[in-house]
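Report on the following structure.
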Number of protein chains: 2
Amino acid sequence: MHTIDTLALMQTSPRRYHHGDLRAALLARAEETLREKGTAALSLRELARDLGVSHAAPSRHFKDKQALLDALALVGYERLTRVMAESQADAGEAFRKRLEAMVHAYVGFCLDNAVLLDLMYSIKHDPEASEALQEATRQWSELIEVLVSDGQRSGEVREGSIERVGVPVFATLHGYADLAATGMLPPEIAEHGLDEVIAFMLRGCAPDGRA
Amino acid sequence: MHTIDTLALMQTSPRRYHHGDLRAALLARAEETLREKGTAALSLRELARDLGVSHAAPSRHFKDKQALLDALALVGYERLTRVMAESQADAGEAFRKRLEAMVHAYVGFCLDNAVLLDLMYSIKHDPEASEALQEATRQWSELIEVLVSDGQRSGEVREGSIERVGVPVFATLHGYADLAATGMLPPEIAEHGLDEVIAFMLRGCAPDGRA
DNA sequence: ACCTGAACACCGTTCAAGT
DNA sequence: ACCTGAACACCGTTCAAGT
């Protein structure tokens, strides 16, 4: 139908109307510049220039700059959740193996997406975070809860509520990844220290008399 | 000497020349607006307006906006180091007590300075962080190293290099504080979970057969 | 529906000039 | 030494108008 017209329009006047999905293009390009030049250097006008649309065009898809940043953070959370979920799918049944897989996935994601991660966390300071964002972080922390409660069922993890057992595991996981991603831990140490951190976590959540 | 002249000048023409220490005033006011409105809302021009100087005046003290943010981060690290050092001074000798004091100090600081903390960590992404900043973070991580190695000397902490024993403790401490500060951990849980996190850390770094 | 182009208020940075 | 005031290039946001 009018798909052909649209294609023709795109070929004959590539500057007048953007290709099909400006929204997605904006997000993709925004993440690129985030990676290359940091959050501070991200400008809506430059983004529009890069994509060959007018500087006002982005406002159709994101009501303001913050809305774009929020959407970017959401992409990050979804990606992180996916990576963590995949790590669990391939890790077998043993708690130790599953914990190892999750730590590797989480640390890997943080190292690969350091600036995006910064954005993801700073968004959380905003009390009016979107519902979608809340949901994304919920799904994410749920993966850790599932891991821990499965470990409790199989007797590999000490008893206790998620608050008592899951939170410390979560904290260690997150802290290590963050230290590595921000460079507070030198890369050599970050790499080499993973096994030790996992052992530390296993001792921390092992049942009594089984440390 | 000319102190009197300066004072007279300040009283008679409060708008023409700023009081003695514009640099300190800029930092103080910057931190206030950081707290009130977040990093994104920080503007050099508004800062200057607030302090009654011209918009170009700050450039005498900070070569650009990033330089002011760096200086602000440095203030944060120095404050954090001081708070942590004080916690150790009052905590007695037992490893457990000292660890408790440090965790409380660190978490407390993060909760009180959430936005500043964001700045402190995002600065670290910048590979060209200043020497003073490097030194500040070094002093800070050293406090944890001292705590751990003292614990090893008294037999309360398992043997092993700082990389092996100190890093996991550091990661857990940092991760818990960060989760609490970013609101990823609901405040009720963050408060109540502290003791459990400390117990987790103690199990993680206890000597073998003493968990 | 989606985008343009002009307009507005604001920003960071620089620099000659003032005291 | 420290600050001013004007200038420049850039930005986010809005809005009537175009297709």
Side-chain angles (χ1 to χ4, degrees), chain A residues 1-27 29-30 33-34 36-72 119 126, chain B residues 1-27 29-30 33-34 36-72 119 126:
Chain A
M1 293 305 164
H2 79 317
T3 319
I4 293 173
D5 292 350
T6 307
L7 280 172
L9 188 61
M10 283 171 56
Q11 288 179 337
T12 54
S13 56
R15 292 257 177 75
R16 289 195 58 150
Y17 276 77
H18 192 267
H19 52 77
D21 198 347
L22 179 56
R23 198 193 127 93
L26 283 165
L27 282 175
R29 183 74 189 123
T33 66
L34 213 67
E36 292 164 8
K37 303 194 271 180
T39 312
L42 192 67
S43 139
L44 284 181
R45 284 178 105 110
E46 190 177 6
L47 231 50
R49 277 196 299 271
D50 289 350
L51 297 176
V53 296
S54 85
H55 65 258
S59 74
R60 284 297 129 182
H61 303 279
F62 303 101
K63 92 174 213 295
D64 56 19
K65 192 178 183 179
Q66 190 58 50
L68 186 144
L69 294 178
D70 288 352
L72 222 39
L119 189 61
D126 196 346
Chain B
M1 292 307 168
H2 79 317
T3 318
I4 293 173
D5 292 351
T6 307
L7 281 171
L9 187 61
M10 283 171 56
Q11 288 178 338
T12 54
S13 56
R15 289 260 176 73
R16 290 196 58 151
Y17 276 77
H18 192 268
H19 52 76
D21 199 346
L22 179 55
R23 198 193 127 92
L26 283 165
L27 282 176
R29 183 74 189 122
T33 66
L34 213 65
E36 292 164 9
K37 303 193 273 179
T39 311
L42 191 67
S43 138
L44 284 180
R45 283 178 106 109
E46 191 177 4
L47 232 48
R49 276 196 299 272
D50 288 351
L51 297 177
V53 296
S54 84
H55 64 258
S59 73
R60 284 297 130 182
H61 303 278
F62 302 103
K63 92 174 213 294
D64 57 20
K65 193 179 183 178
Q66 190 56 51
L68 185 145
L69 294 178
D70 287 354
L72 222 38
L119 189 61
D126 197 344

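None of the values given here were measured: they were computed from a predicted structure. Proteins come first, then strands; the chains are lettered A, B, ... in the order of their sequence lines, and each starts at number 1.
- Of the candidate nucleotides C:dC11, C:dC3, D:dC3, D:dC3 has the atom nearest to the side chain of B:Ala57.
- Contact annotation: B:Ser43 reaches the phosphate of C:dG12 (side-chain N/O to OP1 or OP2, under 4.0 Å).
- Ion pairing between a basic and an acidic side chain is recognised when a charged N comes within 4.0 Å of a carboxylate O; A:Glu46 and A:Arg29 show no such pairing.
- Computed from coordinates, the A:Leu51 CG to C:dC3 P distance equals 11 Å when rounded to whole Å.
- Residue-level contact check: B:Arg23 touches neither bases nor backbone, having no heavy atom under 4.0 Å from any strand.
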Pairs: protein N or O with nucleotides 13-17 of chain D N or O, under 3.5 Å:
residue, atom, partner, partner atom, Å
D:dT13, OP2, A:Lys65, N, 2.9
D:dT13, O4, A:Arg45, NH1, 3.2
D:dT13, O4, A:His55, NE2, 3.4

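- Atom CG of B:Leu69 and atom P of C:dG12 are 10 Å apart (whole Å).
- Nearest approach of B:Ser54 to B:Ala48, heavy atoms of both residues: O-CB, 3.4 Å.
- Taking atom CG on A:Asp21 and atom P on C:dA1, their separation rounds to 17 Å, with Å as the unit.
- A pairwise comparison of heavy atoms in B:Ala57 and B:Leu22 identifies CB-CD2, 4.0 Å as the closest pair.
- Interatomic distance, B:His61 NE2 to B:Arg23 CZ, rounded to the nearest 0.5 Å: 9.0 Å.
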For DNA chain C, the expected dot-bracket line (Watson-Crick or G-U under 3.5 Å, [ ] crossing, | inter-strand) is ||.|||||...|||||.||
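- Note that the OG atom of A:Ser43 and the NE2 atom of A:His55 stand 11.0 Å from one another [nearest 0.5 Å].
- No donor-acceptor distance shorter than 3.5 angstrom exists from the side chain of A:Lys63 to the backbone of A:Leu68, with no hydrogens or angles considered.
- Comparing A:His61 and B:Glu46 by the nucleotide of DNA chain C that holds the closest heavy atom to each, the one mapping nearer the 5' end is A:His61.
- Side-chain contact between B:Leu47 and B:Phe62 is absent, with no heavy-atom pair separated by less than 4.5 Å.
- Considering all non-hydrogen atoms of both residues, B:Leu69 and B:Leu119 come closest at O-CD2, 3.8 Å.
- Rounded to an integer number of Å, the gap from A:Phe62 CZ to D:dC11 C1' is 18 Å.
- Atom-to-atom, CG of B:Leu26 to P of D:dC2 comes out at 13 Å; the value is rounded to the nearest Å.
- When all heavy atoms are compared, the tightest approach of A:Leu72 to A:Ala30 is CD2-CB, 3.9 Å.
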